[in-house]
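Read the numbers this way: they start at 1 and go in the same order the structure lists the ligands and their atoms.
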Amino acid sequence: MWCSMKVLSAEFVKSCVRPDQYPRAHLPEVAFVGRSNVGKSSAINSLVQRKGMAKISTVPGKTQTLNFFRVTTTDRTCPALVFVDLPGYGYARAARSVREQWGPMIERYLTARPQLFVVVQLVDVRVVEERDVTTLAWLTHMGHRPIVVGTKLDKLSRGQRRPGLIRLCQRLRLGEQEDTVGYSSRTNEGRQELWQTLKRRYEQWRPGFLRSQE
Ligand SMILES: Nc1nc2c(ncn2[C@@H]2O[C@H](COP(=O)(O)OP(=O)(O)OP(=O)(O)O)[C@@H](O)[C@H]2O)c(=O)[nH]1
Ligand SMILES: [Mg+2]
């Protein structure tokens, strides 16, 4: 079980903007998608318990390239994997050239990466925006079934957390069978649950992937 799983190492591999730059290694990958400032880089650091590994900023638009991080764990099923921190969508103040590249850059990655086994879509638990709804539809259209993470859970009082997550699911029209996790990078609430969900999704995906490689 990943309950007792430990992260052994976590390190930055490289930043990429084009497929020919993506790492060659065939390790299973998890992509983190969400609007600018929602807490993607913070969630990655919290998951691997390394402060400052993925760069964080109070100014939206910090992450502008695809950033790959290699993670090793004590788990036997999945001892090594790669987290990919994607630039946030909807950062209006980014240069127009950056905004125009954003869609194609991310879409190329999300559609043509065979080892990408799951997308994590992060949504602020307090405010689901229209662009979160359209992004989920876009991901689903590409054939992904994202794990939806409600971030900044610590900003809600204990009593507001469950209702907040229920509201988030309703806004995104997520059924009960979809994977949703409440998360706080500040308190690490939801960390075990997210690791367990990642592991379960990896186990569901792997048999098909191995067959496709035969
Ligand atoms: N209270 C609270 N603040 C958070 C949490 N996660 C992130 N933040 C804050 O939100 C801001 C943005 O966090 P980032 O992790 O840089 O967000 P991002 O989604 O990577 O942003 P971009 O790289 O711009 O797309 C920072 O000021 C973080 O400290 C959380 O769980 N709780
Ligand atoms: Mg970031």
Side-chain angles (χ1 to χ4, degrees), residues 10-17 29-71 82-107 109-110 118-136 138-139 146-162 164-165 167-168 172 180-195 197-198:
E11 58 185 19
F12 172 70
V13 179
K14 68 189 296 200
S15 295
C16 306
V17 294
E29 286 180 359
V30 183
F32 292 76
V33 178
R35 72 182 152 77
S36 196
N37 218 39
V38 74
K40 297 176 293 297
S41 303
S42 303
I44 288 176
N45 289 340
S46 153
L47 274 170
V48 300
Q49 297 286 282
R50 300 288 190 281
K51 282 194 182 121
M53 183 183 73
K55 295 288 173 280
I56 291 167
S57 168
T58 49
V59 182
K62 176 71 187 169
T63 311
Q64 300 204 343
T65 49
L66 312 178
N67 294 332
F68 291 75
F69 300 91
R70 190 175 191 278
V71 180
V82 168
F83 284 173
V84 188
D85 191 7
L86 302 182
Y89 49 82
Y91 176 48
R93 282 171 63 199
R96 173 129 52 118
S97 58
V98 172
R99 274 185 285 143
E100 282 171 356
Q101 279 169 19
W102 184 92
M105 178 169 80
I106 290 181
E107 190 164 344
Y109 170 74
L110 291 172
V118 73
V119 174
V120 176
Q121 185 185 358
L122 297 95
V123 178
D124 190 319
V125 72
R126 298 163 304 167
V127 257
V128 178
E129 295 184 4
E130 194 50 37
R131 50 199 174 153
D132 298 317
V133 178
T134 50
T135 298
L136 179 60
W138 181 62
L139 291 168
I147 299 172
V148 175
V149 167
T151 63
K152 309 196 183 182
L153 205 59
D154 57 282
K155 297 218 178 186
L156 295 181
S157 68
R158 285 198 178 279
Q160 287 176 327
R161 290 179 194 170
R162 262 205 73 70
L165 283 168
R167 239 188 357 260
L168 180 143
L172 292 170
T180 49
V181 179
Y183 205 91
S184 167
S185 300
R186 205 152 274 184
T187 65
N188 293 325
E189 185 169 347
R191 182 173 179 268
Q192 293 296 348
E193 191 186 346
L194 183 51
W195 268 119
T197 309
L198 288 171

(message) Can you tell me if Gly34 contacts ligand 1 (heavy atom of the residue under 4.0 Å from the ligand)?
(response) no
(request) Look at ligand 1 and say whether Asp154 reaches it with a heavy atom at a distance under 4.0 Å. (result) yes
(request) Kindly compute the distance separating CD (Gln121) from CZ (Arg35), expressed to the nearest 0.5 Å. (result) 10.5 Å
Evaluate [X] for polar contact with ligand 1, using N/O atom pairs at a separation under 3.5 Å.
{"X": "Lys40", "answer": "yes"}
{"X": "Tyr183", "answer": "no"}
{"X": "Lys152", "answer": "yes"}
{"X": "Gly39", "answer": "yes"}

Element-labelled atoms of ligand 1 that are located less than 4.0 Å from some non-hydrogen atom of [X]:
{"X": "Ser185", "answer": "6 (N), 30 (C), 31 (O)"}
{"X": "Ser184", "answer": "31 (O)"}
{"X": "Gly88", "answer": "25 (O)"}
{"X": "Ser42", "answer": "6 (N), 7 (C), 13 (O), 14 (P), 15 (O), 28 (C)"}

(message) If you take the centroid of each ring, where Trp contributes its six-membered ring, are Trp195 and Tyr183 closer together than 6.0 Å?
(response) no
(message) Restricting to non-hydrogen atoms, name the atom on Leu110 and the atom on Ala31 that form the minimum distance, rounded to 0.1 Å.
(response) CD2-CB, 4.3 Å
(request) May I ask you to check whether Ser41 brings an N, O or S atom to under 2.8 Å from the Mg ion (ligand 2)? (result) yes
(request) Could you walk me through whether Val13 and Val82 pass side chain to side chain contact (heavy atoms under 4.5 Å, CB included), step by step? (result) CA-CA 9 Å; Val13 179; Val82 168; 5.7 Å; no
